[in-house]
Amino acid sequence: MMRLLRFVCAAWVLPAGFSLIAFFGFFTNYTTDVFSAAGLAGQYHRSVFQYRVLGRYLVSTVAGVFEPVSAGWPVPRAFLLMDPIGSAGTYWAYVVVHTLATCIGCSLLLAALRRSAAAEFVVVAVSMAVALAAFVVTPYDGVFFAFQMAAILVTLTMTPNAALVPLAVVTGLAALTRETAYFIPVFFLAVHHRAIVARDRAARAAFTTSSAAVVLVYVGGRAVVGWS
């Protein structure tokens, strides 16, 4: 029971609290004019943002659910300065997607570090850092964090042979979220470099497949959307 309580507190209660403090106790002076459907589309359907598909889709979908029922929902006091045409439903969509993704990511990291005596401390410290980064409000950073932590869990707890498919799937989804998904095969290489250098087939196959997922999504997204 105590272990479950520590898990819930470290992976859900504290990260969610840090996230809500960041979103409602302060306000961003960096990200503006993106808290309406029009602002979200205008910002994230251009430049490099147009290739970061998954987080944008999740926030847009949740915003569509929240918009009809969000009248009177609390927003930061400076909300109209952040976006004069912003809506509470869209802002809460950012909050919910980021917060849930952060808690899921913390749960995965805690599972990856379960044998460490300092696992809870590390996870709480990481969740605080993620909350501090929320001064730049985006639809993709929390989601990408969750995929990163999933990749860490797969890399640290599975054999290279068992990790091949789940690592490729996680890498592909992460690449649809942000192009820094290349961190995932790099981390796998750092952990399994001896096996890869020793020509272990399973390790090489997992590393190659994960790397290929990044390249395919990167090039495929630009082939479909266009190069910017």
Side-chain angles (χ1 to χ4, degrees), residues 7-26 28 30-31 34 40 43-44 48-49 51-63 91-114 116 118-158 163 166-188 190-191 210 213-214 217-218 221:
F7 181 93
V8 171
C9 287
W12 286 87
V13 176
L14 290 176
F18 297 149
S19 181
L20 293 175
I21 290 171
F23 275 99
F24 293 100
F26 303 91
T28 175
Y30 188 88
T31 312
V34 295
L40 178 63
Q43 174 68 18
Y44 294 109
V48 69
F49 304 115
Y51 309 118
R52 300 173 181 178
V53 177
L54 190 52
R56 183 186 74 220
Y57 170 77
L58 290 173
V59 170
S60 297
T61 301
V62 175
Y91 189 77
W92 271 92
Y94 281 93
V95 174
V96 169
V97 169
H98 181 86
T99 303
L100 281 178
T102 299
C103 291
I104 291 170
C106 287
S107 299
L108 296 170
L109 179 59
L110 194 54
L113 301 176
R114 64 185 181 275
S116 171
E120 288 85 2
F121 174 81
V122 171
V123 170
V124 171
V126 168
S127 67
M128 290 178 67
V130 172
L132 289 173
F135 80 94
V136 181
V137 180
T138 69
Y140 47 77
D141 282 339
V143 179
F144 183 72
F145 170 74
F147 287 130
Q148 278 186 306
M149 297 307 103
I152 288 175
L153 177 63
V154 169
T155 300
L156 295 181
T157 63
M158 290 185 175
L167 190 67
V169 172
V170 168
T171 305
L173 292 172
L176 285 170
T177 308
R178 212 170 73 180
E179 58 279 356
T180 43
Y182 68 83
F183 286 141
I184 293 175
V186 169
F187 180 74
F188 184 89
V191 173
S210 179
V214 176
V217 172
Y218 184 92

Checklist line | Chi angles and distances behind the side-chain contact (heavy atoms from CB on, under 4.5 Å) call for Phe145, Val126 | finding: CA-CA 10 Å; Phe145 170 74; Val126 168; 3.7 Å; yes

Next item on the list: Would you name the heavy atoms of Pro166 and Met158 that are closest together and state the gap between them?
Entry: CG-SD, 3.9 Å

Check: How long is the gap from CZ on Phe26 to CZ on Phe135, to the nearest 0.5 Å?
Finding: 13.0 Å

Check: Are the side chains of Tyr94 and Pro139 in touch, meaning some heavy atoms are under 4.5 Å apart?
Finding: yes

Next item on the list: Please lay out, stage by stage, how Trp12 and Leu100 fare under the test side-chain contact (heavy atoms from CB on, under 4.5 Å).
Entry: CA-CA 9 Å; Trp12 286 87; Leu100 281 178; 4.0 Å; yes

Item checked: Closest heavy-atom pair and its distance - Cys106, Ala11 -> CB-O, 3.7 Å

Item checked: Beyond-backbone contact of Arg114 with Thr157, side-chain heavy atoms, under 4.5 angstrom -> yes

Margin query: Parallel, tilted or perpendicular: which one describes the rings of Phe24 and Trp92, with boundaries at 30° and 60°?
Written below: tilted

Item checked: Value rounded to 0.5 Å, distance of CG in Asp141 from OG1 in Thr102 -> 9.0 Å

Notebook entry, point to check: Can you tell me how far CG of Leu108 sits from SG of Cys103, rounded to the nearest 0.5 angstrom?
Noted result: 11.0 Å

Note to self: Using 0.5 Å steps for rounding, measure from the CG atom of Leu58 to the NE2 atom of His98.
What the structure shows: 13.5 Å

Next item on the list: Could you tell me whether Arg56 sits above the aromatic face of Tyr44, with NZ or CZ closer than 6.0 angstrom to the six-membered ring centre and within 45 degrees of the axis?
Entry: no

Check: At their closest point, which heavy atom of Ala134 faces which heavy atom of Ala22, and how far apart are they?
Finding: CB-CB, 4.0 Å

Next item on the list: Measure the CZ-CG distance between Phe18 and Leu14 for me, rounded to the nearest 0.5 Å.
Entry: 5.0 Å

Notebook entry, point to check: side-chain contact (heavy atoms from CB on, under 4.5 Å) between Val34 and Val137: does it pass, once the steps are laid out?
Noted result: CA-CA 9 Å; Val34 295; Val137 180; 5.7 Å; no

Item checked: Pairwise distance CZ(Phe147) to OG1(Thr180) - rounded to 0.5 angstrom -> 12.5 Å

Next item on the list: Could you walk me through whether Val96 and Phe23 pass side-chain contact (heavy atoms from CB on, under 4.5 Å), step by step?
Entry: CA-CA 10 Å; Val96 169; Phe23 275 99; over 6 Å; no

Margin query: Is there a side-chain contact between Arg178 and Val143 in this structure, where contact means two heavy atoms from C-beta onward sitting under 4.5 Å apart?
Written below: no

Margin query: Does any part of the side chain of Thr155, heavy atoms only, come nearer than 4.5 Å to the side chain of Leu167, both counted from C-beta?
Written below: yes

Note to self: For Ala93 versus Val59, what's the shortest heavy-atom pair and its separation?
What the structure shows: CB-O, 3.5 Å

Margin query: Are Val130 and Pro15 packed together at the side-chain level, in the sense that at least one heavy-atom pair is separated by less than 4.5 angstrom?
Written below: no

Note to self: How close do Gly172 and Val217 get, counting heavy atoms only, and between which atoms?
What the structure shows: O-CG2, 3.9 Å

Item checked: Expected output: side-chain Ser19 to main-chain Ala16 donor-acceptor under 3.5 Å -> no

Item checked: Sole residue of Val214, Val154, Thr171, Ile152 in side-chain contact (heavy atoms from CB on, under 4.5 Å) with Ile184 -> Thr171

Margin query: Contact between Val62 and Tyr57 at the side-chain level, heavy atoms closer than 4.5 Å - yes or no?
Written below: no

Checklist line | Closest approach of Leu113 to Val122 (non-hydrogen atoms, all atoms of both residues) | finding: CD1-CG1, 3.8 Å

